[in-house]
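Here is the structure we will look at, set down as structure tokens.
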Amino acid sequence: MTKSRVSTPQFFSVLYLSMLSSIFMYISSSGISISQTDSLLRPIVFIFISIIFAIPTFLVFKTVKEKTQTGLVVDDKKIFFKIIAAVYALVYFVAILRALARFDLFASSELFPGTDMTIFIVALVIICGLLSLLGLGSLSRAAVIFTVIVVGATGFVMVSLWKDVDLLNFTPLMEKGVGRFFYDSLYFALQGAEIGIIMLFLPQIKGKIAKTYILWTVLSGITFIFILFFTIGTLGAFADTRLFPTYTAVTLAEFGLLERMDALETAIWVLCIVEKVSLYFLGVVSCIKFILPKISRKLICGVCILAVSILLSFISADLERFNFMSYVPLVIGLYIVPVLILPIALIIYFKKVKPYDENIPNS
């Protein structure tokens, strides 16, 4: 991770693109319907949960007055902090596998049905790994430009679907009960594990972080509502029969001579997944570097690229292995551990076990 700092709009542009990749790659399942009108309310629950669950992270940052590139001014020889860093690294390493496995399924089932996408996915892994070496500054500045492109193109595609929207596709609210709505909404909110990685980069961000975070969360929720509205409005109950309903809706879009809007949307989806995975790579490499400071960042990144490529090839070869990457307990763990458990553990350590000042290295 470079020592250069980035502005809040730049950093949250990366998170915004990362979150968009989650809704773009949203997989329909028998357990959770996307065709229900209740889906339009799920992003509101996402906003509420994201803001509340981010409190531990900001409390840690408030406790830690000093700022460094590692996220905490602590003695890297203490096993407690190495364990924390190791767990963060493991969580986001698995998150990389999950994100790319889902993209692999999308590419092999929708873009090029029946085609082995292993070489393409491995190439994507290498690209994301190398981009992470450029540091947060480069990723964030690129994200600002990509955000303008992605928002503009997505808005254009969705608006072009307006003529295909049928209001009869919208079902009565809470048709399956309030309890079911909150269960589905909670699971939807857990897709946004990006808020957990903020901990690793807070010290590098300049500006009003909390205020911008709330704004980013609200804008993400509004974007989700916008996309889900056109997905439900154009597909109705048919959305639940499609593996990637958002992509199916996009294939219906056309504007004048532009009859393949899905190609445009797919291109910007690739931008989103590249930003997401590159950010995760950066987090993983930075945590491992903290644990093993004598090993070069390039070597760590190279080993991570190799490990991800091998594991993805293993996962993609069997549908049951892929299904495990979408296993509900795993999804919950990838959210709860970095967002709540680790920040709370740090708060308890600094408040109850050892005062923060005792953990500042003598330098």
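We count residues from 1, following the sequence as given. Keep in mind the model is a prediction, meaning the values are calculated, not measured.
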Exercise for review: Answer yes if I198 and L219 sit in the same cluster of Ile, Leu, Val, Met, Phe, Trp and Tyr residues linked by side chain heavy atoms under 4.5 Å apart, and no otherwise.
Suggested key: no

Review point. Hey, are the side chains of F170 and V165 touching, using non-hydrogen atoms and a 4.5 Å cut-off?
Key: yes

Check your understanding: With side chains defined as the heavy atoms from C-beta onward, is the minimum distance between V308 and L97 less than 4.5 Å?
Key -> yes

Check your understanding: Between S18 (side chain) and V14 (backbone), is there a donor-acceptor pair under 3.5 Å?
Key -> no

Practice item. Check whether any side-chain heavy atom of M199 sits under 4.5 Å from a side-chain heavy atom of L342, and report yes or no. Key: no

Check your understanding: Linking I/L/V/M/F/W/Y whenever any side-chain heavy atoms sit under 4.5 Å apart, do F182 and Y187 land together?
Key -> yes

Practice item. For residues V122 and L312, determine if any side-chain heavy atom of one lies less than 4.5 Å from a side-chain heavy atom of the other. Key: no

**Study point:** Least distance between heavy atoms, P343 atom then P56 atom
**Key:** CB-CB, 3.7 Å

Check your understanding: So, S286 side chain and G283 main chain: donor-acceptor pair closer than 3.5 Å or not?
Key -> no

Check your understanding: Going by the angle between their ring planes, with limits at 30° and 60°, are W162 and F229 parallel, tilted or perpendicular?
Key -> parallel

**Study point:** Separation of K289 NZ from K298 NZ (nearest 0.5 Å)
**Key:** 11.5 Å

Exercise for review: Could you state whether F81 and I83 fall into the same hydrophobic cluster, counting links through intermediate Ile, Leu, Val, Met, Phe, Trp or Tyr residues with side-chain heavy atoms under 4.5 angstrom apart?
Suggested key: yes

Check your understanding: Given the rule that I, L, V, M, F, W and Y join up when any side-chain heavy atoms are under 4.5 Å apart, are I52 and L215 in one cluster?
Key -> no

**Study point:** Minimum heavy-atom distance between C301 and G129, given as atom pair plus value
**Key:** SG-O, 3.1 Å

Check your understanding: Is any side-chain heavy atom of N169 closer than 4.5 Å to a side-chain heavy atom of T234?
Key -> no

Review point. Does the gap between the ring centers of F230 and F226 come in under 6.0 Å?
Key: yes

Revision key, fill the gap. Heavy atoms of F290 and A85 approach each other most closely as CD2-CB, 3.7 Å

Study note, to complete from the structure: To the nearest 0.5 Å, atom CD1 of I96 lies from atom SG of C304 at 7.0 Å

Review point. Parallel, tilted or perpendicular: which fits the ring planes of F46 and W216, with parallel below 30° and perpendicular above 60°?
Key: perpendicular

**Study point:** Gap between atom OG of S39 and atom CG of D184 - 0.5 Å precision
**Key:** 7.5 Å

Point to revise | Atom pair OG1 (T246) and CG (L235), whose distance is rounded to the nearest 0.5 Å | key: 8.5 Å

Exercise for review: Carefully, step by step, assess L41 and I44 under the rule side chain to side chain contact (heavy atoms under 4.5 Å, CB included).
Suggested key: CA-CA 5 Å; L41 301 180; I44 297 177; 4.1 Å; yes

Review point. Quick one: do I310 and V125 end up in the same hydrophobic cluster if we chain Ile, Leu, Val, Met, Phe, Trp and Tyr together by side-chain heavy atoms under 4.5 Å apart?
Key: no

Practice item. For the pair T37 (side chain) and T171 (backbone), establish whether a donor and an acceptor sit closer than 3.5 Å, ignoring hydrogens and angles. Key: yes

Check your understanding: Any donor and acceptor pair, going by atom type alone, linking the side chain of K82 with main-chain N or O of I291 inside 3.5 Å?
Key -> yes

Point to revise | Within-4.5 Å side-chain heavy-atom neighbours: F120 and D104 | key: no

Check your understanding: Can you check whether C272's main-chain N or O pairs, donor with acceptor, with E275's side chain at less than 3.5 Å?
Key -> no

Check your understanding: Quick one: are I305 and F281 in side-chain contact, heavy atoms under 4.5 Å?
Key -> yes

Point to revise | L131 versus L139, closest heavy-atom pair with distance | key: O-CD2, 4.0 Å

Review point. For the residue pair A101 and I315, what are the closest heavy atoms and their distance?
Key: CB-CG2, 4.3 Å

Revision key, fill the gap. CG of L40 to CD1 of I232, rounded to nearest 0.5 Å, is 4.0 Å

Exercise for review: Look up atom OG1 in T231 and atom OH in Y247, then write down how far apart they are to the nearest 0.5 Å.
Suggested key: 13.5 Å

**Study point:** Check against side-chain hydrogen bond (donor to acceptor under 3.5 Å, both in side chains), K276 and S22
**Key:** CA-CA 9 Å; K276 182 191 194 85; S22 297; 3.1 Å; yes

**Study point:** Student check: side-chain heavy atoms of V150 and L20 closer than 4.5 Å
**Key:** yes

Check your understanding: side chain to side chain contact (heavy atoms under 4.5 Å, CB included) between Y16 and V151: does it pass, once the steps are laid out?
Key -> CA-CA 10 Å; Y16 182 73; V151 171; 3.6 Å; yes

Study note, to complete from the structure: Scanning both residues in full, the closest heavy-atom pair of F201 with I197 reads CD1-O, 3.3 Å

Check your understanding: Would you find more than 12 non-hydrogen atoms of other residues, nucleotides or ligands less than 6.0 Å from I119 atom CD1?
Key -> no

**Study point:** Aromatic centroids of F93 and Y280 separated by under 6.0 Å
**Key:** no

Review point. Between F58 and Y213, does the ring centre distance come in under 6.0 Å?
Key: yes

**Study point:** side chain to side chain contact (heavy atoms under 4.5 Å, CB included) between L133 and R297, worked out
**Key:** CA-CA 8 Å; L133 291 175; R297 192 175 297 275; 4.0 Å; yes

Point to revise | Worked verdict on T57 versus I195 for side chain to side chain contact (heavy atoms under 4.5 Å, CB included) | key: CA-CA 9 Å; T57 294; I195 68 174; over 6 Å; no

Check your understanding: W269 and F106: aromatic ring centres closer than 6.0 Å?
Key -> yes

